[in-house]
Amino acid sequence: AVATSLVLLLLFLGANWTTIFLGIEERHPDTAEAAATLGFGKLNGVVNSMLVLVAVVALFFLIGAVIVARRVAMIPTIRLASTKQPPE
């Protein structure tokens, strides 16, 4: 849960950087002010890292879902001895 929260925070930061970069590019289209301000000239690196983070979060979620499903499957069910039905 902590790792997923940290990755989600990084995703929001990446989205914020992308918005800031595009805002600077709109105001000053033919200059390198966005690259000078944020330290990168194109959005490819930021977008690629955000895609990797999304894949990592999906992988964490799938691993967690499999672990929880296996744990729930191993819990014994409580049944009444006389009717073999679960108690109400």
Side-chain angles (χ1 to χ4, degrees):
V2 173
T4 304
S5 297
L6 290 175
V7 171
L8 186 62
L9 175 68
L10 290 175
L11 281 173
F12 281 121
L13 285 175
N16 192 18
W17 289 337
T18 304
T19 304
I20 291 170
F21 184 87
L22 291 175
I24 294 172
E25 283 288 318
E26 280 183 11
R27 290 178 188 229
H28 309 284
D30 294 328
T31 62
E33 288 190 23
T37 305
L38 296 175
F40 50 88
K42 294 184 178 183
L43 290 177
N44 293 342
V46 175
V47 171
N48 289 340
S49 63
M50 288 173 64
L51 289 174
V52 168
L53 289 174
V54 167
V56 167
V57 169
L59 184 65
F60 283 157
F61 177 75
L62 288 174
I63 290 171
V66 167
I67 290 172
V68 169
R70 294 180 96 196
R71 187 177 298 158
V72 167
M74 292 173 24
I75 295 174
T77 57
I78 299 173
R79 300 204 178 263
L80 299 174
S82 59
T83 61
K84 304 282 192 234
Q85 298 293 324
E88 294 181 16

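The two residues Thr18 and Met50 come nearest to each other via the heavy atoms OG1-SD, 4.1 Å.
With rounding to the nearest 0.5 Å, the separation of CD1 in Ile24 from OG1 in Thr19 is 11.0 Å.
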Please list, one pair per line, the donor and acceptor atoms closer than 3.5 Å that link side chains of residues 53-69 to other protein atoms, with sequence neighbours excluded.
none

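Counting side-chain heavy-atom gaps under 4.5 Å among Ile, Leu, Val, Met, Phe, Trp and Tyr, Ile75 is found in no cluster with other residues. In the hydrophobic clustering, Leu80 connects to no other residue, as no ILVMFWY side-chain heavy atoms lie under 4.5 Å from its own.
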